[in-house]
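Note sheet for the following structure.
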There are 2 protein chains.
Amino acid sequence: MNISDVAEVSGLPPKTIRYYEDIGLVRPARSSNGYRVFQANDLHKLTFLSRSRALGFSIEDCRTLLALYEDEGRASSEVREIAQRHLAEIARKIADLQSMQDTLTHLIKTCAGNDRPDCPILDDLSRT
Amino acid sequence: MNISDVAEVSGLPPKTIRYYEDIGLVRPARSSNGYRVFQANDLHKLTFLSRSRALGFSIEDCRTLLALYEDEGRASSEVREIAQRHLAEIARKIADLQSMQDTLTHLIKTCAGNDRPDCPILDDLSRT
DNA sequence: CCTTGACCTTCCAGCAACTAGAACCTTTAT
DNA sequence: ATAAAGGTTCTAGTTGCTGGAAGGTCAAGG
């Protein structure tokens, strides 16, 4: 399989796949003309990466998860711990965003949004 | 005021303040020794930036908001529109994160997290 | 056989918003 | 006099790609 086929199946852009090779996440073989040749195993890895990234795991987490995925002797607790840490991080981000959301919602409600200059949003942003 | 005093009052690290000068958000005067000298107006701007950034506005949004803040003839609708767009973006991000959160929570629940290798998390990540 | 177009390759640059660190200068206190 | 604590500039690194240029390869049509 050539890169654009793999891109279609895995859901990752060709550029991203090349980048993943650059940083050592996959090592596709090369044919005599220099083209990358992807085997079933490469495709599995890329699909795995695509899904892991979609769940928000960092590249370094993905690297670790991929190694565990390939390690038949892994302990599921290792995987679970990574997922748990990531989940905690997500919860933190959601909380941050919700706090912004609350503040902004309130400010927007109190702002007339007309052609006059008085603006509670700016007032809040400049409050000391 | 020197940079570290301004940093303390505004809540922004000195490095960030220098960076904001680099990209033209503030233009503090210089004293004869080359040190930046911050006036009340600079401080107001930096506080404004600190708070805007804390609400998640992009630097470019901050630039626009700052210009509106300084423009006595602004229309509050301009401010409101920027805030509204930003709020929509925040809502989108929260939705994305919550979707990840839901998936991960479920997966973590179903994973034993022991020393055995079978792991529903990896199973899910590698599902085609 | 030649050309065209769709592939593929590498490499370099840039995005956001800082941050770390090096090398150096100035001020302040002892 | 000197040492610590500030200030300065500069370069480069972070994360995870993405765009574009310059060029090689391959399959189909005239």
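Lettering of chains follows the sequences in order, A, B, ..., and the numbering in each one begins at 1.
- For dC8(C), one of the phosphate oxygens OP1 or OP2 lies less than 4.0 angstrom from a side-chain nitrogen or oxygen of S4(A).
- Side-chain contact of N2(B) with S4(B): a donor-acceptor pair under 3.5 Å is absent, judged by distance alone.
- The CE atom of M1(B) sits 15 Å away from the C1' atom of dG6(D) (whole-angstrom rounding).
- The phosphate of dT9(C) (OP1 or OP2) has a side-chain N or O of R36(A) nearer than 4.0 angstrom.
- Using a 4.0 Å cut-off, some side-chain N or O of T16(A) falls inside it from OP1 or OP2 of dT18(D).
- Distances shown here put every side-chain N or O of R18(A) at or beyond 4.0 Å from the OP1 or OP2 atom of dC17(D).
- Residue N33(A) is the one, among N33(A) and I59(B), whose nearest nucleotide of DNA chain C lies closer to the 5' end (criterion: closest heavy atom).
- The nearest whole Å value for the distance from the OH atom in Y19(A) to the P atom in dA13(C) is 18 Å.
- Toward the 5′ end of DNA chain C lies the nearest nucleotide of D5(A), the other residue of the pair D5(A) and F57(B) mapping further downstream.
- Interface remark: the Y20(A) side chain does not form any donor-acceptor pair with the dG16(D) base, using a distance-only criterion of under 3.5 Å.
- A salt bridge links R63(A) and E60(A); the closest N-O separation between the charged side-chain nitrogens and carboxylate oxygens is under 4.0 Å.
- One interatomic measurement links the two molecules: CD of E8(A) to P of dA6(C), which rounds to 16 Å at whole-angstrom precision.
- Defined by atom type and a distance below 3.5 Å, a donor-acceptor pair is present between the side-chain atoms of S76(A) and N114(B).
- Listed candidates were dT8(D), dC8(C), dA17(C). Nearest to the side chain of N2(A) is dC8(C).
- Classification of D96(B) and K93(B) as a salt-bridged pair fails, no side-chain N sitting under 4.0 Å from a carboxylate O.
- In the interface, the side chain of K15(B) is paired with the base of dG21(C) through a donor and an acceptor atom under 3.5 Å apart.
- Here the C1' atom of nucleotide dA17(C) and the CZ atom of R53(B) are 6 Å apart, to the nearest Å.
- Here the rule is salt bridge (charged side-chain N to carboxylate O under 4.0 Å, His left out) with E21(B), and of R30(B), K45(B), R27(B) only R30(B) fits it.
- P14(B) comes within contact range of no nucleotide atom at all, as no heavy-atom separation falls under 4.0 Å.
- At whole-Å resolution of the value, CG in L12(B) and P in dC18(C) are 8 Å apart.
- One can place CD1 of I3(A) at 10 Å from C1' of dT9(C), the figure rounded to the nearest angstrom.
- Note on R30(B): a side-chain N or O is less than 4.0 Å away from OP1 or OP2 of dT9(D).
- Taking atom CD of E21(A) as the reference point, atom P of dG16(D) lies 19 Å away to the nearest angstrom.
- Whole-Å rounding puts the L25(A) CG to dT15(D) P distance at 13 Å.
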